[in-house]
Amino acid sequence: MKLITAIIQPDKLDEVRESLIAAEITRITVSRCTGHGQYSDEDLYRGQKVVPNLMPKVRIDIACNDAFVDITVGAILKAARHNSGQGGDGKIFITHLEECIRIRTSERGGKAI
Amino acid sequence: MKLITAIIQPDKLDEVRESLIAAEITRITVSRCTGHGQYSDEDLYRGQKVVPNLMPKVRIDIACNDAFVDITVGAILKAARHNSGQGGDGKIFITHLEECIRIRTSERGGKAI
Amino acid sequence: MKLITAIIQPDKLDEVRESLIAAEITRITVSRCTGHGQYSDEDLYRGQKVVPNLMPKVRIDIACNDAFVDITVGAILKAARHNSGQGGDGKIFITHLEECIRIRTSERGGKAI
Amino acid sequence: MAKKTMLPILLLLLPSVAGAQPANDSGVTAWMLTSTALVLLMVPGLAMFYGGLVRTRNVLGTMMHSFASMAVIGVLWAVCGYAFCFGENRLGGWLGWNGNFFFLKGLDDSILDAGIPEYVFAMFQGKFAIITPALIAGAFAERVRFKGYLLFITLWSLLVYNPVCHWVWAKDGFLFNMGAAGAIDFAGGTVVHITAGVSGLVAALVLGSRRGYPGTAMNPNNLVMTLMGAGLLWVGWFGFNAGSSISSGLDTARALTVTQIAAAAGAFSWMLIESVHHKKATSLGFCSGVLAGLVVITPAAGVVQPYGAVVMGAAASLLCYGAILLKNRLGYDDSLDVFGIHGVAGMLGALMLSFFIRPGWMVNAAEAAGGTWTVLDQFGVQAAAVGITVAYSAAVTLLILFLVQKTTGLRLSEKGEMTGLDNVLHGEHGYGLINLS
Amino acid sequence: MAKKTMLPILLLLLPSVAGAQPANDSGVTAWMLTSTALVLLMVPGLAMFYGGLVRTRNVLGTMMHSFASMAVIGVLWAVCGYAFCFGENRLGGWLGWNGNFFFLKGLDDSILDAGIPEYVFAMFQGKFAIITPALIAGAFAERVRFKGYLLFITLWSLLVYNPVCHWVWAKDGFLFNMGAAGAIDFAGGTVVHITAGVSGLVAALVLGSRRGYPGTAMNPNNLVMTLMGAGLLWVGWFGFNAGSSISSGLDTARALTVTQIAAAAGAFSWMLIESVHHKKATSLGFCSGVLAGLVVITPAAGVVQPYGAVVMGAAASLLCYGAILLKNRLGYDDSLDVFGIHGVAGMLGALMLSFFIRPGWMVNAAEAAGGTWTVLDQFGVQAAAVGITVAYSAAVTLLILFLVQKTTGLRLSEKGEMTGLDNVLHGEHGYGLINLS
Amino acid sequence: MAKKTMLPILLLLLPSVAGAQPANDSGVTAWMLTSTALVLLMVPGLAMFYGGLVRTRNVLGTMMHSFASMAVIGVLWAVCGYAFCFGENRLGGWLGWNGNFFFLKGLDDSILDAGIPEYVFAMFQGKFAIITPALIAGAFAERVRFKGYLLFITLWSLLVYNPVCHWVWAKDGFLFNMGAAGAIDFAGGTVVHITAGVSGLVAALVLGSRRGYPGTAMNPNNLVMTLMGAGLLWVGWFGFNAGSSISSGLDTARALTVTQIAAAAGAFSWMLIESVHHKKATSLGFCSGVLAGLVVITPAAGVVQPYGAVVMGAAASLLCYGAILLKNRLGYDDSLDVFGIHGVAGMLGALMLSFFIRPGWMVNAAEAAGGTWTVLDQFGVQAAAVGITVAYSAAVTLLILFLVQKTTGLRLSEKGEMTGLDNVLHGEHGYGLINLS
Ligand SMILES: Nc1ncnc2c1ncn2[C@@H]1O[C@H](COP(=O)(O)OP(=O)(O)O)[C@@H](O)[C@H]1O
Ligand SMILES: Nc1ncnc2c1ncn2[C@@H]1O[C@H](COP(=O)(O)OP(=O)(O)O)[C@@H](O)[C@H]1O
Ligand SMILES: Nc1ncnc2c1ncn2[C@@H]1O[C@H](COP(=O)(O)OP(=O)(O)O)[C@@H](O)[C@H]1O
């Protein structure tokens, strides 16, 4: 099993979720974070363009069985990109997941994903 | 060492913390997240029941030595379950932790947990 | 590749970021969390000192190539410590990162960090 | 607001024709100044109420809908709005006009018979003109372009608000003179709430639903702020209704009293309904009940007594609750229920008041009618006023929407909707606090 | 509020017996209307103040405690509350009653001698009846069921507020007539703050502490909102106190002035105390000082001069600060310090005012007493009024708590407490903004 | 505020010398009481406006800057501020003094010729004294120590505000008597906005920039609250300006009208400018435009007519927008643009009003001048008043800063700045809601 962590632009959350659902990946956990990669978004503050050092991002965590890693990554890549890719579009990190437990039933492993 | 990440229902945070403390696991990190697993909680909005697509959840991260993994998981399982388990009760993910460093002292490894 | 996760005191965020930038580590993701380690900070509430059970913390996630792990950890350790180290200064966790993908370009591995 | 309890009282509003300038009554002026400030307070109140109900990414854009009306209509009203509303009949009574009111220039020394400077009346009225288009914004929340919105409210104010206001509140307005003693609209049941509610409905239908509606849940970002806003609206409404007496005496007191009671009754009933229906009384339901009660009593505050206010407040909650359930069934996206609350309760109030009119009023009306004047007679007048307002608002709003869509455009792009108004249209984020920086 | 500076002035409040209706004074009416709106503003102000202090999961539920009082007591007051408070003595003076006030129906044309429509007086008074039970809610915040709470405030309003209000402010109330010139309670030291404070204490003791108190820290979810709320309370209090003169002249001005000064002095002192004690002045401390100052001056605003206001404001902060430290020592859970602020400062104000009464008042009192009337004489009267109010409120609240617990129940289940009021009782979340969606 | 439209009117403010106490006018008193409450509302309004603009870690500390002024100046004003401002010329007219006003003790029975109790005038004026130093705080936001700030505003109130207020508004103030009919400052262009703006600029320069400015982005923590605050400021400004007529009649109405119009015009223009410059109209820009419009009309509200208000509001937005761009170029850290908005628009208003004065005023001035009085004559007077205020404020603020830095210290340590005011100075966190607990 793998734990896939994607950092994406907030405005892409809806699309990424839809893309994941289309790929039948429905169980996910999302949270707000702030990141620094390449500059991109800018706010206005009293007539001045302000480039925030840290920009709002969304983090998506998905635990999945090995067979689903490519599907998941593909679904994210497809939806998270602005046009044909632009600075700030984000990253996907994959780590090895040793165990997964469903709290409701105490099931473990792949079937608990 | 392992990193145990539990996604639980917000209303169970107090109980899970108490259960962990009872098991002498006191060092934890928690954060807010939002998740999609099975539907469960519902809000009311002007007379209509609304099932949010993403529901508020709490994430607990606990780094622990291998010997404590079962105790920790057990403590969480016991406390995080609603009655005898219900949809949305959450998940526990376990990954391998390669190193742990206490910032205060720069200690490393198991004794820094 | 490794994923370095540091839990630090909120008031050290600026310094840690500056220290990382000085070490040429610019890509990071930060988020708010709350933690319980050793007691430290205290608030006042109508004349009473209140020691919160869970205290505001900041989480920093940094994916980096193996060669940069020590530099990154060193930069954090140096900046995150209050004076010569005090309770609550935080922890650093290191896990193995199997894959890293840049969403914009679909690049993978070390060069995508 | 042109008080309509009886014709003779209305004359108070007219500056005397002859040279004799009426005297200023410092007490009435004091209350009308206060009322003006209170109605102004409703604008941030509304911004907070609406702002809290949308998703996080749209909070500023939604608040700006209310605020921008202060700027745009605030200027427009001074330039020509007042002249259109309170000038003499033109174009067969479709609109008023008085060149002397252009830029309010003829008002500098004018005192009305009610004992207040005409400036105060003009500013008080101006606040109504500001808040009415802002109300509509709730119907198409989270999906309109800012420029298009500004154009929309400008046209709407000129073509819908001004004419209807003229008909109902100007001394030569045709609804003002309908029947024995005029169609009763004390503080804006037709002029404000029905026009806004109906136009909102039309706009929601024409623009279509938000992306993802109704499948995706669209959680309010800040119900806490919505509650604050509802509180300010309640307070401001005292100026809205009690100020509409253009006096500081018994009529004012009566309006204030029934306003307070209807709001309480509306809130109480909504809580009750929800408790029965869902076993839980929501805070948003509470606020909706407050609003329903306030809206229903708005046309009626000059003629109804306390027990009538209780009945009307309760009825409004029941009907609005039903209307919103029906909307959910029908599936159109009147996002913040502008029609469900303002439209429905406004109509209910304008009609239902007929059955609770203070006896004294009916006696006078009978006299004016030169014989008898029954509840049913008045109900007929009210129904006519409602019908005309509904039809006119709907038709002209449709026309305006067409115009706006052909020019600046009104509907935001799908991408813009996903990113959110705040970022796309205003280059800002509402709550920096939720992200570390 | 029945102004108590001197008996003769009080007569202004009574509609004349003979046919001659007093004339309306548009200025006084304007200020009383404004005051009514200002006191209403205190309800959202209180909701914000309290709402910010509880944990995130209880923010809406806590705000609803204030808001719901607007709905429930708002209706109840119109139906019978006013009749109970300001009707003539019944049951040996325990309560008032006037069938003519039922549903306020006898007020439709009534103008009081003070020159205001009786409706305005009734509505102004009604706001006090609304806010008082809402104050109590702070004492048992984060742990009561909504239905039980509604029942509690209904009974409490009928059985505690109405009688005490009648005793203190009705012209035939026994405390109103105690001693030479009555027990002094200008704007609600006894009627509002002592009753609420004491009843809150009793309720907190009976219901017991929140789960985890005091071990678990219970962080305020939004001190920023608490500050806003304190600001609105300060503003609203001008209506509360200056409106209680039922006039728009010298007495009003005096009340406003000492209110402003006592609040400032209270805030300043609390900051000072904290700076000495903790080297830090907290914002919550600032607000507590404002409230302490406002509460202490409430009974006194009609008789005290500026320097007295400074002294009383400072004393209130000192005593309340001590009272809260003591509470922490004793360990009971008066969650938002209703007793510590309102109870303590209310009692202090009612007693301490004796030493700062404007000389003119004492001269008149001496005359009324037919000879001499000393500070100690008045202090005795004040002490009696305080003692009676404390004992009565405590006893009857105990009874009501018993009743409520036997019927709907009042204490929330432990599970409910952990989940939070918002979700369990209202099916909502206060801040959607904190969770992505 | 001492109204300056014509000298004769001013006399209304003076209690008659002879025994004959002027009669209280309940209407004027009602409006002045209301105005006092409205100006008080500006204090939480300002706290919200400023509080929303700083970073999360400084939100409470920044709000406390506004609130603390209520406490400190609130007490100081009652003790001696009023005596300094409105007493008779002392030290060659540098300051006023009237021992009888110490602790406001001579005011207990005084009624002014304007028909209001002097207490009300003193309290209304006191609110101006409270809000002015609070405005300055925006210039050095996020980097001052609380104790130093308290000392700073105390000294500043005594040494800058009180003298300038005396010169401009006391009947024997030298600016009040300059030229034919005095320097025109209806509601505080010089006394409030120029003094605050200039002093803010000086303080920002002396204290230096925030750590990391301008490289690091400093995102507003809560623009939503900033919008709410702007709304309350707009409402409160009606009291600020219309109350400054010390009447409830035509002058009041005129002031209210132009205030409303200038604010709307300012907001509208700022939106327009931003749309052209950045293709986006921000909500903060909207609020800035509202403020610019309100500030520019403040000195002018007594003499300008509606079309003038439109022009001045628009001009203010344009100039302030430019001033802020220039600041960004120059790189100094006037954090919340106190100079850029209040200083610049205040000066613009004080000067520009000369060209829009109501003809009637000029006729009277000419009479008073015994012949002719041209726009340029008045412009000269206005320029002198502005120049003197700027120079004096800058110089004395410099002195005060020096004093404060030598005693309590004013600038926060770098470590404190990084941790944030809330935690370091007040031991609190603004938003518990953002962290689980
Ligand atoms: N090496 C990294 N470690 C942690 N987070 C990262 C890393 N690289 C990128 N991120 C996160 O992803 C977000 C988007 O990065 P982006 O600007 O698209 O990266 P890049 O510049 O490599 O294309 C950043 O704001 C940050 O939150
Ligand atoms: N495979 C997964 N990957 C990431 N998060 C998950 C996964 N499964 C569950 N979660 C998280 O756990 C929460 C609760 O899941 P739950 O509904 O109890 O899961 P299940 O339906 O498998 O019993 C979800 O809201 C989500 O945040
Ligand atoms: N074993 C752990 N697992 C998860 N989080 C931890 C752990 N130890 C510490 N933390 C996080 O780090 C923060 C600071 O810990 P600290 O008090 O400095 O640790 P210690 O007491 O070991 O020195 C805690 O508040 C918590 O958020």
Side-chain angles (χ1 to χ4, degrees), chain E residues 25-31 34 38 55-56 59 115 217-224 227-228 230-232 234-236 238-239 242 247-250 252-254 256-257 260-261 263-268 271 275 278 280-284 286-287 289-290 305-307 309-310 358 430-431 434, chain F residues 24-31 33-34 36-37 40-41 43-45 47-48 51 59-61 63-64 67-68 70-75 78-79 103-105 107-109 111 116-120 122-123 126 146-147 222 225 228 248 422 425-437:
Chain E
D25 177 326
S26 65
V28 178
T29 299
W31 173 243
T34 306
L38 286 172
R55 285 166 292 174
T56 310
V59 58
M218 312 208 171
N219 297 324
N221 77 84
N222 198 342
L223 277 176
V224 168
L227 280 180
M228 298 183 207
L232 294 190
W234 191 334
V235 173
F238 277 22
S247 66
S248 175
L250 206 48
T252 329
R254 288 167 172 173
L256 181 104
T257 303
Q260 161 69 17
I261 293 174
F268 187 76
M271 288 204 297
S275 296
H278 288 297
K280 287 179 185 182
T282 66
S283 62
L284 177 57
F286 184 93
C287 300
V290 168
Q305 288 175 291
Y307 76 94
V310 172
R358 183 175 276 108
Y431 304 102
I434 55 181
Chain F
N24 181 67
D25 177 325
S26 65
V28 178
T29 299
W31 173 243
L33 290 163
T34 306
T36 306
L40 179 56
L41 186 64
V43 176
M48 290 157 75
V59 59
L60 292 179
M63 295 181 81
M64 280 294 277
F67 276 90
M70 287 220 273
V72 174
I73 313 297
V75 172
V79 175
F103 258 110
L104 306 180
K105 66 180 142 50
L107 279 56
D108 212 45
D109 294 296
I111 309 269
I116 61 166
E118 190 168 356
Y119 266 146
V120 176
M123 284 298 111
F146 192 54
K147 255 177 231 167
N222 198 341
M225 181 164 73
M228 298 184 207
S248 174
D422 298 4
L425 302 176
H426 306 289
E428 298 177 304
H429 289 94
Y431 304 102
L433 63 100
I434 55 181
N435 286 101
L436 270 170
S437 66

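Reminder, nothing fancy here: chain letters follow the sequence lines and each chain counts from 1.
- When the candidates E/P220, E/S283, E/A230, E/A253 are compared by the number of heavy-atom contacts under 4.5 Å with chain F, E/S283 comes out ahead.
- Looking only at distances, a side-chain donor or acceptor of F/E428 sits under 3.5 Å from a matching main-chain atom of E/L284.
- With a 4.5 angstrom heavy-atom cutoff, F/A47 does not touch chain E via any of its atoms.
- Across all their heavy atoms, F/L104 and E/P306 have their closest contact at CB-CG, 4.1 Å.
- For a residue to count as touching a neighbouring chain, one of its non-hydrogen atoms must lie under 4.5 Å from one of that chain's; by this rule E/S248 touches chain F with backbone and side chain alike.
- In this structure, the portion of E/I434 lying under 4.5 Å from any heavy atom of chain F is its side chain and not its backbone.
- Each of F/T36, F/L41, F/V43 was evaluated against E/V235; a single residue qualifies, F/L41, per the side-chain contact (heavy atoms from CB on, under 4.5 Å) test.
- Chain E forms the most heavy-atom pairs under 4.5 Å with one residue out of F/L436, F/V59, F/N435, F/L425, and that residue is F/L425.
- Heavy-atom distances place both the backbone and the side chain of F/D109 under 4.5 Å from chain E.
- Taking NZ of F/K105 as the reference point, atom CD of E/Q305 lies at 10.5 Å (rounded to 0.5 Å).
- Proximity to chain F (any heavy atom under 4.5 Å) is restricted, for E/T34, to the side chain, taken from C-beta onward.
- Closest non-hydrogen pair, E/A30 versus F/A30, comes out as CB-CB, 4.1 Å.
- Closest approach of F/H426 and E/T282 over heavy atoms only: O-CG2, 3.2 Å.
- Looking at residues two or more places apart in sequence or on another chain, you find a side chain to side chain donor-acceptor pair (under 3.5 Å) between F/S26 and E/D25.
- Of the listed residues (E/R254, E/M228, E/M271, E/R55), the greatest number of heavy-atom pairs within a distance under 4.5 Å of chain F belongs to E/R254.
- For E/F286, the ring-ring contact (aromatic ring centres under 6.0 Å, His included) criterion is met by F/F67, not counting sequence neighbours.
- Interface remark: E/L38 contributes side-chain atoms only to the contact with chain F (heavy atom separation under 4.5 Å).
- For chain E, the nearby part of F/F146 is the side chain; its heavy atoms alone come within less than 4.5 Å.
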### Query
For F/L40 and E/W234, what are the C-alpha separation, side-chain angles and deciding distance, and is it a side-chain contact (heavy atoms from CB on, under 4.5 Å)?
CA-CA 8 Å; F/L40 179 56; E/W234 191 334; 3.4 Å; yes
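- Both the backbone and the side chain of E/V224 come within contact range of chain F, each with at least one heavy atom under 4.5 Å from a heavy atom of that chain.
- Both the backbone and the side chain of E/Y307 come within less than 4.5 Å of a heavy atom of chain F.
- Here the closest heavy-atom approach between residue E/G249 and residue F/T29 is recorded as N-CG2, 4.0 Å.
- Only the side chain of F/M123 has a heavy atom closer than 4.5 Å to any heavy atom of chain E.
- Of all the heavy atoms in F/M64 and E/A281, the pair that sits closest is CE-O, 4.5 Å.
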